[in-house]
Novice: 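I have a structure I would like to understand better, so I am pasting it below and will then ask my questions one at a time.
All figures in this text were calculated on a predicted structure; none of them were measured in a lab. Indexing begins at 1, ligand by ligand and atom by atom, following the structure's order.
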Amino acid sequence: MEIEKSREIGLCFGVRRAIKLLKEAADKYGKLETLGPVAHNQQLVQELAKLGIRPVDKLEQVKSKILAIPTHGISPSILDKIEACHVHTIDTTCPIVSQAQNTAKKLAEAGFDIIIFGEAEHSEVKGLLGWTKGKGIAALEAKQIAVSSWLLRAKALTLSEAKGRERQNNLFRLGIISQTTQSWPALIEFSRQLMVALPAKVEELRIINTLCQATQRRREAAIELAKKIQLMIVVGGHNSANTKHLAEACSPIIETHLVARAREVDSSWLVGKQRIGITAGASTPDEAIEEVVAKLKSL
Ligand code: SF4
């Protein structure tokens, strides 16, 4: 049996940077907390907990004087609340996420309504929505936008038109950005569907690519590998968006399984398979990948 790893695999620079910052802070201050998991990988969170770095779900649960902001970033309103708590912060927000936040902020300040292509309940997207200053909405499907804010907005426009306001004042300026870990083909399709559904009141439309290139490279490399092997194992957190997208990208090509830990590998998957591919999400520690490789070899 031959096992081939993807040429782009595992921890991205954003998560590596966060781990480095957290370890330095733990060395300096001892114990500290992170607002939510630093990245969506349980094994990574457990490893950091051994160094005294623990996640809390809410600001009210913070006990230490040092609080780390996770790689996914947070909204400005949460930042204000943290400041009011007088805790020292370690900001591990990935620079790619900071860039997306800045884009959302600038669009809002320039008078744009903002549509975020992404999972509304994902922590990064919740943070991005905060930076739109109430002018944003997030969805994975264009039709979700059509049935919510668009109808309400259209109704508001009709009312203001009835009051005889200048037509120019009733035009939309619309910006589309993306959760950093979505894929380029999915963003294109989302934007296409949205443009078809747009009312004629759009004065200006800007689509800004806020995708993370590290994620795109992992996806492309995984697809390339999937075409050469008989079984693909994707290693990473079941709640990690970019890990799930890797599995979704490989599934139409070849039998694919997502596992968080080596113990989840099922020996029946290997029956009749000579060439097995391995890829891993951007928050998957190297140890988790090596454990899975060792398990496959043992089987
Ligand atoms: S996947 Fe991309 S955006 Fe997310 S932490 Fe890594 S480098 Fe940053």
Novice: Going by side-chain contact (heavy atoms from CB on, under 4.5 Å), name the residues that satisfy it together with Ala100, two or more places apart in sequence or in a different chain.
Specialist: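 Partners of Ala100 under the side-chain contact (heavy atoms from CB on, under 4.5 Å) test: Leu128, Thr180, Thr210.
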Novice: Does the side chain of Leu107 reach to within under 4.5 Å of the side chain of Ile208, using non-hydrogen atoms?
Specialist: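 Side-chain contact under 4.5 Å: yes.
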Novice: Just wondering, do Gln182 and Leu140 contact through their side chains at under 4.5 Å, heavy atoms?
Specialist: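 Of all side-chain heavy-atom pairs linking Gln182 with Leu140, at least one is under 4.5 Å.
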Novice: Is there side-chain contact between Arg217 and Gln213, with at least one heavy-atom pair below 4.5 Å?
Specialist: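 The answer is yes; the side chains approach within 4.5 Å.
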Novice: Nearest 0.5 angstrom please: Gln46 CD to Gln43 CD, how far?
Specialist: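 Spacing of CD (Gln46) from CD (Gln43) equals 7.0 Å.
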Novice: So which protein N/O/S atoms does atom 8 (Fe) of ligand 1 have within less than 2.8 Å?
Specialist: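 Protein N/O/S atoms under 2.8 Å of atom 8 (Fe) of ligand 1: Cys94 SG.
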Novice: Check Ile74, Asp91, Thr89 against Leu79 for a side chain to side chain contact (heavy atoms under 4.5 Å, CB included) and give me the one that passes.
Specialist: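 That would be Ile74; it is the only one of Ile74, Asp91, Thr89 passing the side chain to side chain contact (heavy atoms under 4.5 Å, CB included) with Leu79.
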Novice: Identify the protein heavy atom lying closest to atom 4 (Fe) of ligand 1, giving its residue, its atom name and the separation to 0.1 Å.
Specialist: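 Protein heavy atom with the smallest distance to atom 4 (Fe) of ligand 1: Thr181 CG2, 4.3 Å.
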